[in-house]
S.K.: 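Below is a structure I'd like to ask you about.
Quick caveat, the model's predicted, so the values are computed rather than measured.
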Amino acid sequence: MSKSGKKPQETRTARSLLRAAFEAWEAGDVMTVRRFARDVLAGKRGGDDDHEALDLAKLLSLESVPVEGTPEAVAQHLLARTSIPPKAYAFAVAALAVFLGLLSLAVFRYAG
């Protein structure tokens, strides 16, 4: 075991990629979740992924959005939950435009 108390990645992938992705999601590690979910969608599987998919589908399902019990469906759902919504990009572009507008006003005002 490492100092951080986490098991090495090799033992996690031998057990279940989906369970490792879910544990990373609970810990807030979005990059690891996305990497493991993409691996499942690419065809890489751990030993218990079919069984874990049924358990995780129950945990991840909402009343309005049920999740199927297949590994691919659970991986797709984890990818969807960790994607950045487009509205955040729109707000970032708007903030950048306001900043550049104010910066240009300041430059023209005090340059001459």
Side-chain angles (χ1 to χ4, degrees):
M1 230 190 226
S2 65
K3 287 183 179 180
S4 66
K6 294 183 181 178
K7 293 181 181 178
Q9 185 174 350
E10 295 82 31
T11 59
R12 292 173 135 201
T13 57
R15 187 179 70 203
S16 171
L17 279 174
L18 286 176
R19 178 56 70 177
F22 182 73
E23 289 171 359
W25 181 64
E26 285 184 325
D29 188 0
V30 175
M31 296 303 292
T32 303
V33 173
R34 295 183 68 78
R35 185 177 70 233
F36 284 151
R38 284 187 190 124
D39 286 347
V40 169
L41 291 175
K44 297 178 185 176
R45 296 248 177 110
D48 295 334
D49 273 343
D50 292 325
H51 178 68
E52 290 291 335
L54 293 172
D55 293 339
L56 293 176
K58 292 176 188 173
L59 288 172
L60 294 172
S61 290
L62 303 171
E63 287 183 17
S64 60
V65 185
V67 179
E68 285 184 44
T70 63
E72 291 81 13
V74 173
Q76 257 326 85
H77 189 74
L78 286 172
L79 281 174
R81 279 197 174 187
T82 57
S83 66
I84 299 173
K87 191 182 282 188
Y89 291 116
F91 284 131
V93 168
L96 179 64
V98 168
F99 174 74
L100 291 176
L102 290 174
L103 183 67
S104 64
L105 283 174
V107 167
F108 291 131
R109 166 111 174 135
Y110 297 108

S.K.: Quick one: name the residues clustered hydrophobically with M31, using the 4.5 Å side-chain heavy-atom rule over I, L, V, M, F, W, Y, and just say none if it's on its own.
M.R.: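 Result for M31 is none, singleton.
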S.K.: Using 0.5 Å steps for rounding, measure from the CD atom of Q76 to the CZ atom of R81.
M.R.: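 Here the interatomic distance stands at 13.5 Å.
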S.K.: Drop me the distance from D39's CG to F36's CZ, to the nearest 0.5 angstrom.
M.R.: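 Reported value, rounded in 0.5 Å steps: 7.0 Å.
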S.K.: If you round to the nearest 0.5 Å, how far is CZ of R35 from OG1 of T82?
M.R.: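 Spacing of OG1 (T82) from CZ (R35) equals 12.5 Å.
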S.K.: Taking C-beta and beyond as the side chain, do L41 and L79 meet within less than 4.5 Å on heavy atoms?
M.R.: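 They are in side-chain contact.
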S.K.: Please name the pair of heavy atoms, one in P71 and one in V40, separated by the smallest distance, quoted to 0.1 Å.
M.R.: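 That closest heavy-atom pairing would be O-CG1, 3.7 Å.
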S.K.: What heavy-atom pair brings L56 and F22 nearest, and what distance separates the two atoms?
M.R.: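 Heavy atoms of L56 and F22 come nearest at CD2-CG, 3.5 Å.
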S.K.: Holding to side-chain hydrogen bond (donor to acceptor under 3.5 Å, both in side chains), I want the full list of residues that pass it with E72, two or more places apart in sequence or in another chain.
M.R.: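 Scan of E72 (side-chain hydrogen bond (donor to acceptor under 3.5 Å, both in side chains), adjacent residues dropped) gives R45.
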S.K.: Around L96, counting heavy atoms of other residues, nucleotides and ligands shown, do more than 12 lie under 6.0 Å from its CG?
M.R.: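 Correct, the count exceeds 12.
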S.K.: Over all heavy atoms of both residues, which pair between L78 and A21 is shortest? Give the atoms and the distance, please.
M.R.: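 Shortest heavy-atom contact: CD1-CB, 3.9 Å.
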